[in-house]
Each structure stands twice: as C-alpha cells, then as structure tokens.
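Everything below concerns the one structure shown next.
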Amino acid sequence: MSTIINAIPTYILTAVISAVFYFALKQSQAFIHAKVIHAKTESSRAAWSCAAQLADNAVASLVGKDMAGHEKFRQATDIVQQALQKQGIKNIDLNAIETLIQSAYEKSALTPTIDPTSKQAQTTKTATIPAGQAPAIDPMKGEK
C-alpha cells in the first residue's frame, strides 16, 4: 500500500511536467512561425526595394541615349532582369519589372514631357515634390 501512495506523486509530477512541456512547445512553435513570416516579409521588402532601385538606375543610365522609347524600355527591362538574376532574386516576374521601369520613367525628373497646352512641342522637366512636402488640399474651398 505504501508503494502505491508513494507512486501517485510521481505520476502527478510526470503529468504536470508533460503538460508544461507540451504547452511550451506549442507556444514556441507559434513564436517561431511568426518570426519566419516576419523574415520572409523583410526579405521580400528588400528584394522589391532593390528592384525599384535597379529600375531607377537603369532608367537614369538610358535617358541620354539616342534610342527610341520602346528600345530604352526593353533595354532597361533587360538590365534589371540581369541584375536581379546576379543578386539571386528570382521571385519578381517580368510584368512586375516592367511596372517598376514604367514607374521609374514617370518619376524621373530627367525624362522630358510634352506640354499638351502649348502650340509647339516643347520639352519641360517635371518637378518632383518630396514625400510629405505637398501642399494640403482644403475640401471646403473646392477647385478654383
């Protein structure tokens, strides 16, 4: 009888330790899963930032070239694709690269634009406003 009484605390202790270990394991799995998702997000953000920077550089390098616009666009796309492959970034497809190139052309202050209101086709430089510096629009005043 004394053996049974002495054995009960061992089983209880084993059950409690097993339950604590199980819950600690489940909590650590959730923590590790959150860290993996965060790491993938940061890696993707870095890849997109790198691709956007490469697109900006490719557009800037081709602005002064004596080529047609579609040839510059194709060459800039090829430059960005090759640079991404050298960096080992494979999860950005061709449509996304073309979108980044188009965005870089639109943002570039070096790219001339044609003023549709002028009689002559004059080239003008577009001014970029730094982020957070644009004047606020008052909805109560409306358009002038």
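Reckoned from all heavy atoms, side chains included, excluding hydrogens, waters and symmetry mates.
One distance of note links OG of Ser28 with CZ of Phe23; it measures 13.0 Å at 0.5 Å rounding. The line from CG of Leu100 to CG of Asp56 is 8.5 Å long, rounded to the nearest 0.5 Å. Considering CD1 of Ile92 and CD of Gln85, their distance stands at 11.5 Å, rounded to 0.5 Å. Ile79 contributes atom CD1, which lies 4.5 Å from atom CG of Leu62 (distance to the nearest 0.5 angstrom). Summarising the geometry, atom NZ belonging to Lys26 is positioned 11.5 Å from atom CZ belonging to Phe21; distances are rounded to the nearest 0.5 Å. Distance OG1/Thr77 to CD/Gln82: 11.0 Å, rounded to 0.5 Å.
Proximity of Ile101 to Val80: side-chain heavy atoms (C-beta onward) are separated by under 4.5 Å at one or more points. Side-chain contact between Glu98 and Gln102 is absent, with no heavy atoms from C-beta onward closer than 4.5 Å.
No donor-acceptor contact under 3.5 angstrom links the side chains of Gln75 and Glu71, judged on distance only.
Remark: of the listed residues Thr14, Leu13, Val20, Leu13 is the sole one forming a side chain to side chain contact (heavy atoms under 4.5 Å, CB included) with Ile17.
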Name each donor-acceptor pair under 3.5 Å that joins a side chain in residues 31-49 to protein atoms two or more places apart or in another chain, with its distance.
{"residue": "Thr41", "atom": "OG1", "partner": "Ile37", "partner atom": "O", "Å": "2.9"}
{"residue": "Glu42", "atom": "OE2", "partner": "Arg45", "partner atom": "NH1", "Å": "2.7"}

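Closest of all the heavy-atom pairs between Phe73 and Tyr105 is N-OH, 3.8 Å.
Formation of a donor-acceptor pair under 3.5 Å by the Ser103 side chain with backbone atoms of Thr99 is not found in this model.
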